[in-house]
Protein chains: 2
Amino acid sequence: MKKVDLRSDCPINYALEYLGDKWTLLVIRDLVFEGKKFFKDFQNSQEGIATNILSDRLKRLEALGIVSSAIDKKQRRQKIYRLSPKGADLVPILVEIIIWSSKHKDGLNVNPVFLQKLSADKSGMIKAIQASIGSTQFSAHQ
Amino acid sequence: MKKVDLRSDCPINYALEYLGDKWTLLVIRDLVFEGKKFFKDFQNSQEGIATNILSDRLKRLEALGIVSSAIDKKQRRQKIYRLSPKGADLVPILVEIIIWSSKHKDGLNVNPVFLQKLSADKSGMIKAIQASIGSTQFSAHQ
DNA sequence: CTGTATCCTTAGGGATACTG
DNA sequence: CAGTATCCCTAAGGATACAG
């Protein structure tokens, strides 16, 4: 794990240095909302991530303690990825991003029922999402 | 304003395409928490942004409707920047980022009183921060 | 002071071939 | 299937000079 000098000790900057690229948060999205677990699952996401980038991001997320991996007991040759508690703590950020984008951009693929539940009881929904990680119970998409 | 093809219509991806670089959110941070208004203010931020990058980001944020600008009445030669309502709606995202980073990384420069108030009444604090934009009333830093 | 323009370097990332 | 390794290219970004 490479030591990185942060540009500053600002908390916003910290998150940007580690998560602020065009792919990392999409991998986390797939873990949280899409129930993805295997390399190939992430590879098949809508945006089309290259295998080398995906490999790099998964490793970085593991090094950061956001993702953990293990050999799947059942399918011996498959590595299974899942979010650690540190990763689950990112859910509120994802949720606020979804709310902002939905509000300010038309035509995005957002489940209206999901948004409704969020506006009715945001912190309850966040807990429910965190509890559901690994399943596809809550998809933000339609 | 350039038309950009989004890689997907996912709301997370939308925010990433427009705000997902290493500088944009820091400019917004300076507007929200540091009361910065003028080009030179942003230029002097801790992380040291180059003038061409800063110029580009301010223009992009204006084109997105997140920032507006006007010639300062008093100092005729100075352009004054401020957050639009669309920009103020980013505050919850910034707040969740600050919470996450503070929780998972030691040694960051975060005002403990600020964090305390947040944990006591998050939505109240967010409203207070939004109402205070343009001042330095709430700095997340110490 | 508020930017713009230019030059140059590097990191990020696409395509794809390949290995265990 | 789960990655790793290359090759190559482009966009992002630093430094700095300059213009209104």
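Chain letters run A, B, ... following the sequence lines, proteins first, then strands; residues in each count from 1.
With distances taken from any side-chain atom of B/Y81 to the nucleotides C/dT2, D/dA2, C/dG3, the minimum falls on C/dG3. Residue A/S55 places its side chain closer to D/dT4 than to any other of D/dT4, C/dG3, D/dC1. Nearest nucleotide to the B/F39 side chain, out of D/dA2, C/dC1, C/dG3: C/dG3.
Shown here for A/S45 and A/D30, the closest heavy-atom pair between the two residues is CB-OD2, 3.3 Å. Nearest heavy atoms, A/W23 versus A/G48: CH2-O, 3.8 Å.
Ion pairing of A/E47 with A/R29 is present here, as a side-chain N (NZ or NE/NH1/NH2) and a carboxylate O approach within less than 4.0 Å.
Distance, A/L54 CG to D/dA2 C1': 10 Å, rounded to whole Å. Note: CD (A/Q43) to C1' (D/dC1) measures 10 Å, nearest angstrom. Between the C1' atom of D/dA11 and the CZ atom of B/R7 lies a distance of 14 Å, rounded to the nearest Å.
For the pair B/W23 and A/K79, both in contact range of DNA chain D, the more 5′-proximal nearest nucleotide belongs to A/K79.
A heavy-atom distance below 4.5 Å is not found between the side chains of A/I71 and A/Q78.
For D/dT4, the OP1/OP2 oxygens have a side-chain nitrogen or oxygen of A/K59 closer than 4.0 Å.
The base of C/dT2 is not paired with the side chain of B/T51 by any donor and acceptor separated by under 3.5 Å.
At the heavy-atom level, B/N52 lies under 4.0 Å from base atoms of the strands shown.
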